[in-house]
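To start, the structure itself, in structure tokens.
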Amino acid sequence: MSVTLWLVRHGQTAWNVEGRFQGQADPPLNAEGRAEARRLAVQLRGRTMDALYSSDLRRARQTADILSRAVGKPVLLEPRLREINQGQWEGMLFTDISRQLPEISQVRQRNALDFRPPGGETVREMAARVLPAIDEIGHLYPGGQVLIVSHGVVLAAILAVVNHIPWMDVFSLIPPNAGLLAVKWAGTPPGVLDV
């Protein structure tokens, strides 16, 4: 039996505005990010949710705390929902990386699943921790509705699986800050990471 997942990317941070890789670094929401979360809370008020799970990174936790009051559920922290680890790139500007390593975007596009920033993790490794967490959550609430607050690449991976989208397109699926998407999750298909 499937579960409805309401997927939310955390609100805006200063690093989002500056165009920095965040990964598992821990910048907080900025004023706009808190306002985005409050607007989303108004949208969600009165919706019945069986649970609210969040990444344990601060920007996701702060977003989830605001949404928690709207849906009347405590925030359950799940570290496996953390963003992809960007290693040495965390805190660096996207433009600096593209200028210093112009071939990187082409390499990442051709092999999105196994591309690794220095000291970071691949999409395959990130998905191998995220998808089992989502499966476990789904098994706890069959037929239910669960709010998930996480990060851009994490949510893009879930969307790729649900919509049968090739991994090379995963980075084009990153939702906007404080974006809300509903998907039906029936479990991770066998062999989804065997590419």
Side-chain angles (χ1 to χ4, degrees), residues 3 5-11 13 15-16 19-27 52-64 75-94 97-98 101 104-139 146-181 183 185-195:
V3 60
L5 301 178
W6 293 86
L7 305 176
V8 174
R9 184 179 175 200
H10 62 79
T13 70
W15 284 19
N16 288 133
R20 295 183 185 279
F21 284 96
Q22 292 184 109
Q24 294 187 7
D26 214 13
L52 166 53
Y53 284 82
S54 175
S55 155
D56 62 341
L57 294 176
R58 183 169 34 174
R59 58 196 183 270
R61 279 193 340 257
Q62 290 174 326
T63 303
V75 178
L76 303 171
L77 295 178
E78 176 47 81
R80 290 177 293 174
L81 297 177
R82 282 181 170 205
E83 181 61 292
I84 190 168
N85 184 338
Q86 297 284 6
Q88 294 171 19
W89 290 3
E90 291 181 3
M92 294 183 70
L93 294 169
F94 303 148
I97 294 294
S98 1
L101 305 163
I104 286 297
S105 61
Q106 293 169 2
V107 172
R108 187 168 86 164
Q109 177 67 26
R110 280 195 311 271
N111 190 11
L113 197 56
D114 291 309
F115 175 82
R116 179 191 312 278
E121 68 183 334
T122 67
V123 169
R124 185 188 304 270
E125 290 165 341
M126 180 271 303
R129 72 173 152 79
V130 169
L131 300 179
I134 295 297
D135 283 340
E136 288 171 28
I137 291 167
H139 287 307
V146 178
L147 191 57
I148 304 278
V149 181
S150 190
H151 306 271
V153 182
V154 169
L155 299 180
I158 295 168
L159 292 171
V161 170
V162 167
N163 295 306
H164 311 287
I165 295 172
W167 287 107
M168 66 183 178
D169 296 327
V170 73
F171 292 104
S172 68
L173 301 175
I174 295 172
N177 290 108
L180 176 67
L181 297 161
V183 298
W185 184 262
T188 303
V192 75
L193 294 174
D194 299 339
V195 178

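- For Val161 against Pro189, the heavy-atom pair with the smallest separation is CG1-CD, 3.5 Å.
- Relative ring orientation between Trp89 and Phe115 is described as tilted, the plane-to-plane angle lying within the 30° to 60° band.
- In terms of modelled atom types and a separation under 3.5 Å, the side chain of Asn177 and the main chain of His10 share a donor-acceptor contact.
- Looking at Arg129, its side chain does come within 3.5 Å of a backbone N or O of Arg82 through a donor-acceptor pair.
- To the nearest 0.5 angstrom, Asp135 atom CG is 3.5 Å from Thr188 atom OG1.
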### Task
List the steps, then state whether side chain to side chain contact (heavy atoms under 4.5 Å, CB included) holds for Asn85 with Glu90.
CA-CA 8 Å; Asn85 184 338; Glu90 291 181 3; 3.3 Å; yes
### Message
Evaluate His151 against Gln22 for side chain to side chain contact (heavy atoms under 4.5 Å, CB included), listing each step before the verdict.
### Response
CA-CA 10 Å; His151 306 271; Gln22 292 184 109; over 6 Å; no
### Message
Please evaluate residues Asn16 and Thr13 with respect to the criterion side chain to side chain contact (heavy atoms under 4.5 Å, CB included), reporting the C-alpha separation (whole Å), side-chain torsions for both, the decisive distance (0.1 Å), and the verdict.
### Response
CA-CA 5 Å; Asn16 288 133; Thr13 70; 3.3 Å; yes
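- Interatomic distance, CG of Leu7 versus CG of Leu180, reported as 8.0 Å (0.5 Å rounding).
- Using modelled atom types, no side-chain atom of Trp167 and backbone atom of Leu193 make a donor-acceptor pair closer than 3.5 Å.
- Looking only at distances, a side-chain donor or acceptor of Gln24 sits under 3.5 Å from a matching main-chain atom of Glu83.
- The two residues Val123 and Ile84 come nearest to each other via the heavy atoms N-CD1, 3.7 Å.
- Once rounded to the nearest 0.5 Å, the distance linking CG of Leu113 with CD of Glu125 reads 9.5 Å.
- Using a distance-only test at 3.5 Å, with no hydrogens or angles considered, no donor-acceptor pair links the side chain of Arg9 to the main chain of Pro176.
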### Task
Dump the intermediate steps for side chain to side chain contact (heavy atoms under 4.5 Å, CB included) on Ile158 and Trp185, then the final yes or no.
CA-CA 9 Å; Ile158 295 168; Trp185 184 262; 3.9 Å; yes
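- Tested against Ile148, the residues Val8, Ile137, Leu181 include a single side-chain contact (heavy atoms from CB on, under 4.5 Å) partner, Ile137.
- With Asp26 contributing its side chain and Arg58 its backbone, the two residues share a donor-acceptor pair below 3.5 Å.
- A side-chain donor-acceptor contact under 3.5 Å links Thr63 to the backbone of Gly11.
- Counting non-hydrogen atoms of other residues, nucleotides and ligands closer than 6.0 Å to CE of Met92 gives a total above 12.
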